[in-house]
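Have a look at the structure below before the remarks.
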Amino acid sequence: MPELPEVESVRRALAPVVGVPVVGVRVARRDVVRDEAGRRRGRLDPAGLLAGDRVEAAERKGKQLALVGASGRVVLVHLGMSGQVLLPAPGGRVSGGHAHVVWTLGDGRRLVFRDPRRFGGIWMLPDPDALAERWSRLGPDGLAVTGADLARALGGSRRAVKAALLDQAAVAGVGNIYADESLHAARIAPTRACASLGRADWDRLASCVRSVLRGAIRAGGSTLRDYRLPDGSAGEAARRHRVYARAGQSCPDCGGEIAGMLLAQRSTCWCPSCQH
DNA sequence: CGTGGCCCCTGTGGGC
DNA sequence: TGCCCACAGGGGCCAC
């Protein structure tokens, strides 16, 4: 679910948590928390989840969110398909269960990680170097990606361009919604082989990726079902979708019928009359 | 090596 | 009304 705009919207909404002490943490499901090596069993040191620490910064690359402690320890959060980071009002309840990790903050509030499907999770990293190492495996962030970046990473690939856009090592933060939306804005068919695109195509596509992501952030992200801002409210970006989940409806640009297909095991929507 | 396919998991909406 | 299947924003791992 959450792609770059949703994670960035969450990150921005966590500004009130920065500078606040972390009093303690309760872990209801041990296996959503992993150490640096990826292990999800064994004794869990609460300090690894910033208990007794203080949140110094909330950072993001692609779809990954990092809470950096004053100690230098890092809590890295992946939302997967159904993950949420919630900051309920004091005394408020988090409905629906699946609240796997709950932090108690010094200002009396709670920070909650819930994730019904558990495709997401939390990684405890010992220091900022470990975070930098992890993030070095991601491609450039979607808000900053250039045509040169895409051409270098994907220019020789035989894959369909949509499948390639979903590769986080090529560009970090684009998922199924914004891949379809960016390709439509760039007027490029999702089925086109990467190797058939020229430099002008990559430049236009990168530009469209950046603007589509920026626009979705302005709208607070796309709420289809699970995604919520930390205060529980929905993002409004889904109103702006031009092709995603609109198969059979008319293209807002040309009025032609939007096609639906399966590409790389993901539902894909596009306009065959204006994307080539 | 690059690439496609399968699987992880829960919840829900539609069709029968 | 109720059941069952298909499908959902992601990504790791496997076999080709």
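Nothing here was measured: the structure is a model prediction, and the numbers come from that model. In what follows, chains are A, B, ... by sequence order, proteins preceding strands, each numbered from 1.
- The CG-P distance, from D180(A) to dG10(C), rounds to 11 Å in whole Å.
- Nucleotide dG11(C) is matched to dC7(B) when pairs are restricted to Watson-Crick or G-U wobble geometry with both distances under 3.5 angstrom.
- Between L154(A) atom CG and dG2(B) atom P the separation is 11 Å, expressed in whole Å.
- Each of dG4(B), dG11(C), dG10(C) was ranked by its minimum atom distance to the side chain of Q168(A); first place goes to dG11(C).
- One P atom belongs to dC6(B), the other to dA6(C), and the distance between them is 14 Å to the nearest Å.
- Summarising the geometry, the separation between CZ on R114(A) and P on dT10(B) is reported as 13 Å, rounded to the nearest angstrom.
- Distance D226(A) CG to dT12(B) P: 9 Å, rounded to the nearest Å.
- When rounded to the nearest whole Å, the span between CG of D167(A) and P of dC1(B) equals 15 Å.
- Side-chain proximity of R225(A) to the nucleotides dG4(B), dG13(B), dG10(C) is greatest for dG13(B).
- Nucleotide dC6(B) holds its P atom 11 Å from the CG atom of L262(A), rounded to whole Å.
- Using P as the reference atom, dC7(C) and dG5(B) are 16 Å apart when rounded to the nearest Å.
- Out of dG13(B), dC9(B), dC6(B), the shortest distance to the side chain of Q265(A) is found at dC6(B).
- S82(A) has no side-chain polar atom (N or O) that falls below the 4.0 Å cut-off from OP1 or OP2 of dA8(C).
- Comparing G156(A) and R118(A) by the nucleotide of DNA chain B whose heavy atom lies nearest to each, the residue mapping closer to the 5' end is G156(A).
- Taking atom P in both dC1(B) and dG11(C), one finds a spacing of 23 Å when rounded to whole Å.
- Using a 4.0 Å cut-off between a side-chain N of Lys or Arg and a carboxylate O of Asp or Glu, D180(A) and K162(A) qualify as a salt bridge.
- Of the candidates dA8(C), dG11(C), dG11(B), dG11(C) carries the atom nearest the K63(A) side chain, counting heavy atoms from C-beta on.
- Residue ring and nucleobase are not stacked for F119(A) and dC9(B) under a centre distance beneath 5.5 angstrom and an angle between planes beneath 30°.
- Between the side chains of Q84(A) and R228(A), no donor-acceptor pair is found at a separation under 3.5 Å.
- Under 4.0 Å is where a charged nitrogen must lie from a carboxylate oxygen, and between R118(A) and D115(A) no such pair does.
- Of the charged side-chain nitrogens involved, at least one lies within less than 4.0 Å of a carboxylate oxygen, so that R159(A) and D167(A) count as a salt-bridged pair.
- A salt bridge links R54(A) with E56(A): the closest approach of a Lys/Arg side-chain nitrogen to an acidic carboxylate oxygen falls below 4.0 angstrom.
- Residues R40(A) and D35(A) are not paired through a salt bridge, judged by the lack of any N-O separation under 4.0 Å between the basic side chain and the carboxylate.
- The side chain of H78(A) contributes no N or O atom lying less than 4.0 Å from OP1 or OP2 of dG12(C).
- Rounded to a whole Å, the CD1 atom of I177(A) is 11 Å from the P atom of dA8(C).
- Distance L166(A) CG to dT3(B) P: 14 Å, rounded to the nearest Å.
- Put simply, S157(A) has no side-chain N or O that comes within less than 4.0 Å of OP1 or OP2 on dG2(B).
- The side chain of R117(A) has dA8(C) as its nearest neighbour among dA8(C), dT12(B), dG11(C).
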